[in-house]
2 protein chains.
Amino acid sequence: MATDELMRKALEALGDDGPPSVEAIQRLTDLGGVHEPMMINEVADLLDISPHTLRYYERAGLVEVARDGNGHRLYDADAVRRLVFLTRMRLAGMPMRDLQHYITLVEAGKHTVPERLDMLIEHRDTIRRRIRELALSLTAVEYKIATYGGWTGPDVQDLDTAVPREP
Amino acid sequence: MATDELMRKALEALGDDGPPSVEAIQRLTDLGGVHEPMMINEVADLLDISPHTLRYYERAGLVEVARDGNGHRLYDADAVRRLVFLTRMRLAGMPMRDLQHYITLVEAGKHTVPERLDMLIEHRDTIRRRIRELALSLTAVEYKIATYGGWTGPDVQDLDTAVPREP
DNA sequence: GTTTGCGTTCGAGCGCGCTCGAAGGCCTAG
DNA sequence: CTAGGCCTTCGAGCGCGCTCGAACGCAAAC
């Protein structure tokens, strides 16, 4: 798969305007019902990551995967759902370390829910900060693009930092 | 400096709501008038990067820096402005390679403006995509946090992928 | 039977962006 | 005179997240 199927669906579902809705995200977490266990390549295609990376995640303790009679990996629905979650968190910039810790908590049982919530809240705040940073950079770049288009100053190099005469 | 001074100013200037305005970004590009050349530690503090990194950027050809009688670096206003630009682009995720190429273009003269514009436009689109990805991840995380708070399902682990009964 | 194709394990290697340490110079304070 | 502090250059090292190659196994296709 050339592009990230989940993300493509996600962006389609969200449309091009307005903030993402909870309804939209719900659709994203629905994998479409009951699944046969999947082979590594199917999962890799679904998540748009390499089989190598999937094995790496397993080695890292992020997910347990059963084997068939030939020793080939069989990803059941739980494993796939967890990997959807994990890849989404990775995409959002959560480090492997944190994911490993989070999974440790999940496997330790319900009593770790508060700590998991703490992690999620911190991650949420990290994402928000990152979005704000990017929004700022975006505005800077857009301004720069606009300036390049209409500028007639003395030295082109100044454009890299110049303050415009008019907004 | 513990936090990124420029980013802090930026976030203050932009406020907590609404999209960043061109007016706001203008203020950010104003370094406050004429500058004495700065020593490496001053620049490092201003940009919230290490002196090591500044030397590294110079080695990488991103900026030329004069020396004083003792061989110490003297960053003039142009160098500082360029570094502000560069660190902002780095923060927005532009790879070193691309920045090196961009700077090569800047130093090649005005006739490279169209190619520079192409780079900026591509970078702008990259930032936009990244913001959309993050917005999606953010919604997913926020939904998950909300679900953790009010959920009474059979298995806590299901929360990692569950679809809620109600939005 | 052999080739093709997809899987396995293991450990090593890579690309990026820093980050650091060693060895030394210059200036100033005590 | 010496010690401290900040600077210099140079090359090496690191942390992260993959990414790959080697050597092998099984099973269906020809």
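Note on naming: letters A, B, ... go to the chains in the order of the sequence lines (proteins, then strands), and numbering restarts at 1 for each one.
- Minimum atom distance to the side chain of B:R59 is reached by D:dG11, of the listed D:dC18, D:dG11, C:dC27.
- To the nearest angstrom, C1' of C:dT19 lies 17 Å from CD of B:E58.
- Looking only at atom types and distance, the side chain of A:T126 has a donor-acceptor partner in the side chain of A:R129 under 3.5 Å away.
- Atom CG in A:L54 sits about 17 Å away from atom P in C:dC6, given to the nearest Å.
- Heavy atoms of A:R90 sit under 4.0 angstrom from primed sugar atoms or phosphate atoms, though from no base atom.
- Not one side-chain nitrogen or oxygen of A:R67 sits closer than 4.0 Å to the OP1 or OP2 atom of C:dT8.
- Going from atom NE2 of B:H72 over to atom C1' of D:dC6 covers 7 Å, rounded to whole Å.
- For A:N41 and C:dG7, the shortest distance from a side-chain N or O to OP1 or OP2 is below 4.0 Å.
- The A:H52 side chain lies nearest to D:dT19 when the options are D:dT19, D:dT9, C:dG7.
- Looking at B:R130 and A:E133, no side-chain N of the basic residue comes within less than 4.0 Å of a carboxylate O on the acidic one, giving no salt bridge.
- The distance between atom CG of B:D68 and atom P of D:dC6, rounded to the nearest whole Å, is 16 Å.
- The separation between A:L83 atom CG and D:dC18 atom P is 12 Å, rounded to whole Å.
- Distance check: A:H101 NE2 to A:M119 CE gives 5.0 Å after rounding to the nearest 0.5 Å.
- B:P95 comes within contact range of the sugar-phosphate backbone alone, with a heavy-atom separation under 4.0 Å but no base atom that close.
- In the set D:dC7, D:dT19, C:dC18, the nucleotide with an atom closest to the side chain of A:T53 is D:dT19.
- With B:R82 contributing its side chain and B:L62 its backbone, the two residues share a donor-acceptor pair below 3.5 Å.
- Regarding contacts with the backbone of C:dC27, a side-chain N or O of B:N70 is found under 4.0 angstrom from either OP1 or OP2.
- One can place CD of A:E42 at 13 Å from P of C:dC6, the figure rounded to the nearest angstrom.
- Distance from the side chain of A:M39 is smallest to C:dG7 among C:dC27, C:dG7, D:dT8.
- Judged purely by atom type and a 3.5 angstrom limit, B:D76 uses its side chain to pair as donor or acceptor with the backbone of B:D78.
- Between the CD1 atom of A:I40 and the C1' atom of D:dT19 there is a distance of 13 Å, rounded to whole Å.
- For the OP1/OP2 pair of D:dG21 and a distance below 4.0 Å, the side-chain nitrogens and oxygens of A:R55 include no atom meeting the criterion.
- In this structure, the CE atom of B:M38 is 16 Å from the C1' atom of D:dC6, given to the nearest Å.
- Contact annotation: B:Y56 does not reach the phosphate of C:dC20 (side-chain N/O to OP1 or OP2, under 4.0 Å).
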